[in-house]
Amino acid sequence: MWEIITNNELETIELGEKIAGRLNKGDILALSGDLGTGKTAFVKGIAKGFGINDYITSPTFTLVHSYKGTEFELHHFDVYRINDEEELFEIGFEEYLYEDDICVIEWADLIKNLIPNHSIWIYFERLEGGSDQRRITIKGLEEK
Amino acid sequence: MKGKDIIILGIESSCDETSAAVVVNGREILSNVISTQVKLHAEYGGVVPEIASRKHVESIIPVIDKACKEANIELEDVDAIGVTYGPGLVGALLVGIAAAKALAFTLGKPLIGVNHIDGHVCANYISHKQLEPPFVCLIASGGHSHIVNIVDYRKQIVLGRTRDDAAGEAFDKIARVLGLGYPGGPLVEKMAEQGDEQAFNFPRVNFKDSTYDFSFSGLKTAVINVVNQYRQKNETLPVADICASFQKAAVDVLVDHTMGAASVTGTQNVCIAGGVAANKFLRKNFEIACSKADIQLFYPPIKLCTDNAAMIASSAYFSYIENEFAPLNLNAVPGLKLGEKHF
């Protein structure tokens with residue numbers, strides 16, 4: 001487990017880009033953190049690291065957006081508005097998890113039972129006082 | 001157009017709703033059935049297991065049956081089947097596509113692939129019988145924020161889109177932060193009526209390189225920061241003022257960018273579509289801006305703003321008259337963009 005403090009959105013994007021370089025096919029990133037703590041910014045960085053030039057827009061309503069990178073396909077989930085795990089099962093969520101692509105799941109804490117054990121968990125927190133500072137905690141990926 | 005009426009069966013299953021509709025000549029609704037209105041288990045007699053998008057699978061046949069019944073037609077009477085093939089959730093899209101293909105094949109009728117976002121645009125053709133391109137359309141919903149130059153029925157040029165959150169999503173998330181409930185759009189709108197829209201100066205994001213693109217993520221974070229400041233000081237949240245100021249900031253950007261695009265294209269008509277088009281404050285602000293610019297404003301009734309198959313059937317009609325048919329190997333394209341064709 002390791003912790004990083006980012007001072008602004010740009011640094012959060014840069015962290016995502018850095019993490020992207022360390023991912024392997026089939027990896028699943030489970031993101032947890034309140035609204036506006038930088039989860040989508042982090043995914044922008046991941047996409048950048050994969051050579052994806054498209055806008056990374058929030059999939060809150062569509063549940064998933066998929067992008068073709070140079071090496072991997074990236075599936076960006078947001079399960080924010082899911083009421084229960086059964087609902088997600090019904091739309092075929094698990095099929096994505098066992099492909100050779102990369103899955104990033106925002107609000108993964110809402111569907112803990114569906115997240116495979118080997119997933120990398122990343123927690124986003126707003127620091128008291130400074131409105132732009134974030135504490136980002138990574139579990140399941142060694143610090144390097 | 002003279003001659004025989006063209007009857008299209010439209011099928012929509014891109015996200016949550018399963019819907020089927022029968023529409024004549026792209027503009028007249030004979031039926032428009034949405035899954036939440038149907039008592040599925042009762043009609044279908046049980047659950048189909050082991051299939052990805054079970055909800056849609058359960059709903060699709062009863063919904064199509066009901067659409068035909070309400071339209072008082074037999075399946076054989078339709079001239080073509082139109083179906084959403086993107087953007088949306090792949091598993092969900094595939095259910096509608098599989099049903100549409102099966103019907104097209106067995107009935108020997110043409111299949112038409114419809115872009116969901118174009119469907120939202122076409123909702124305006126249903127509610128405004130005289131409306132014809134060219135016009136500029138804002139499509140704003142929970143999942144989409146697009147400004148599109150509708151050059152012709154089948155030619156759309158995207159002039160602006162969101163780079164992060166969709167407009168409707170911003171409303172829902174603010175409602176959640178303020179503890180108002182779901183869906184957030186109508187609740188924020190109602191609360192805003194009693195608030196001061198100038199109480200807070202929330203950011204309105206413009207891009208230098210692409211004038212009509214949107215960004216609502218920064219607005220969301222700015223509102224959350226204000227809420228956190230009040231909570232840290234244990235002060236009472238001025239909920240109505242926050243809602244009014246937020247709504248004003250969001251609507252300002254939607255109106256300004258759309259009117260900017262309208263002015264550049266020189267169009268006389270502006271349409272708004274999608275769930276956010278149901279917002280009365282947005283409509284009022286558009287009415288004011290359009291009347292100033294001597295532009296006519298169109299928007300569909302609320303029922304046609306949210307996801308439905310009638311708008312899909314309308315879009316399919318305009319492809320039908322151009323002989324734009326899809327092959328039976330049509331596939332779902334979850335990231336389908338407006339103006340693209342993937343078959």
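Letters go in sequence order (proteins before strands), and every chain restarts at 1.
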Smallest heavy-atom separation, Arg134(A) atom then Thr221(B) atom, equals NH2-CG2, 4.0 Å
So, for Arg163(B) and Lys44(A), which heavy atoms are closest and what is the spacing to 0.1 Å?
-> O-NZ, 3.3 Å
Taking every non-hydrogen atom, the tightest pair across Tyr55(A) and Thr162(B) | CD1-O, 3.6 Å
Please flag which part of Lys220(B) lies under 4.5 Å from any non-hydrogen atom of chain A: side chain, backbone, both or neither.
-> side chain
Test item: side-chain donor near acceptor, Tyr80(A) and Asp172(B), under 3.5 Å = no
With chain B, the option among Thr40(A), Thr37(A), Asp54(A) that has the most non-hydrogen atom pairs under 4.5 Å is Asp54(A)
Atom CD1 in Ile56(A), atom CG in Asp164(B): separation rounded to 0.5 Å?
-> 11.0 Å
Contact origin within Asp34(A) toward chain B - heavy atom pairs under 4.5 Å = neither
Does atom CD of Gln156(B) have more than 12 heavy-atom neighbours from other groups under 6.0 Å away?
-> yes
Partners of Asn308(B) by side-chain hydrogen bond (donor to acceptor under 3.5 Å, both in side chains), sequence neighbours excluded?
-> none
Around atom NZ of Lys48(A), are there more than 12 heavy atoms of other residues, nucleotides or ligands at under 6.0 Å?
-> no
About how many Å separate NZ of Lys173(B) and OG1 of Thr60(A), when rounded to the nearest 0.5 Å?
-> 3.0 Å
